[in-house]
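Worksheet for the structure shown next.
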Amino acid sequence: MKYWLVKSEPDVFSIDDLAKSKNQTTYWDGVRNYQARNYMRDEMKKGDKVIFYHSNTKPPAAVGICEIVKEGYPDFTAFDPDDKHYDPKSKKENPAWYMVDIKLIKKFPKAVTLDEIKQNPKLKNMKLVQRGNRLSVMPVTKEEYDEIVRMGS
DNA sequence: GCCAACGTTGGC
DNA sequence: GCCAACGTTGGC
């Protein structure tokens with residue numbers, strides 16, 4: 001099993017939005033970055049655990065955990081000219097972009113802020129806190145995952 | 001709102 | 001294939 005972290009701007013889609021979604025499940029659409037695409041298309045497997053992180057908000061924080069319930073499939077929002085995430089480069093016969101489905105496991109009783117993550121020596125190697133990191137889907141180690149879950153509980 | 005960091009685009 | 005210009009991300 002692998003462990004991941006995904007970012008979302010809560011103004012766009014928050015963990016509470018996920019909690020309100022049908023079956024507390026959503027498709028993780030709109031990722032338009034090749035490295036993140038590769039992770040979703042090739043490496044995320046059913047049952048993998050995912051830290052849900054709120055970016056571009058005050059304070060930025062890990063706010064809960066989810067799991068992968070459907071493995072990589074074409075991001076259909078790329079095919080729709082009326083969709084915000086439309087990308088004419090992506091064709092149905094050769095999709096450029098992929099997504100997965102994630103289901104909420106739980107919202108943390110206590111959000112783990114970016115500041116707290118930075119201050120924890122066990123978490124100093126996370127991609128999240130490395131300089132200039134902009135990846136919206138990234139792998140984390142089991143140790144990092146467990147530590148963040150512990151801090152959020 | 002600012003701006004550093006980074007990915008992508010497109011002219012050459 | 002280089003690289004300047006541009007757009008986006010995301011913390012502050």
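Hydrogens, waters and symmetry mates are skipped; everything else that's a heavy atom, side chains included, is used. All chains are named by letter (A, B, ...) in the order of the sequence lines, taking the proteins before the strands, and each is independently numbered beginning at 1.
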Original post:
Counting distance only, does the side-chain N/O of A:Lys107 pair as donor-acceptor with the main-chain N or O of A:Leu104 below 3.5 Å?
Top reply: no
Original post:
Aromatic rings A:His54 and A:Phe52: how do their planes relate, parallel, tilted or perpendicular, breaks at 30° and 60°?
Top reply: perpendicular
**OP:** Indicate whether OP1 or OP2 belonging to B:dA5 is found under 4.0 Å from a side-chain N or O atom of A:Arg131.
**Re:** yes
**OP:** Verify the distance criterion only: is there a donor paired with an acceptor across the side chains of A:Thr113 and A:Asp115 at less than 3.5 Å?
**Re:** no
Subject >> 5' priority, DNA chain B, between A:Lys89 and A:Gly132 [closest heavy atom] >> reply: A:Gly132
Subject >> A:Gln24 vs A:Ser21, side chain to side chain donor-acceptor pair (under 3.5 Å): CA-CA, chis, key distance, verdict >> reply: CA-CA 5 Å; A:Gln24 299 194 323; A:Ser21 300; over 6 Å; no
**OP:** Return the orientation label for the A:Tyr145 and A:Tyr3 ring planes: parallel under 30°, perpendicular over 60°, tilted otherwise.
**Re:** tilted
**OP:** For atom NZ of A:Lys45, decide whether the heavy atoms of other residues, nucleotides or ligands shown that lie under 6.0 angstrom number more than 12.
**Re:** yes
Original post:
If the sugar-phosphate is the primed atoms plus P, OP1 and OP2 and the base is the rest, what is the B/S/- string for nucleotides 6-12 of chain C, using protein heavy atoms under 4.0 Å?
Top reply: -BBSBBS
**OP:** Please work out which residues in residues 28-41 of chain A have a non-hydrogen atom less than 4.0 Å from an atom of DNA chain C and list them by number.
**Re:** none
**OP:** Identify the two heavy atoms, one from A:Leu18 and one from A:Cys66, that lie closest to each other, and give their separation to 0.1 Å.
**Re:** CD2-SG, 3.7 Å
Subject >> A:Asp101-A:Trp28 side chain donor-acceptor pair, cut-off 3.5 Å >> reply: no
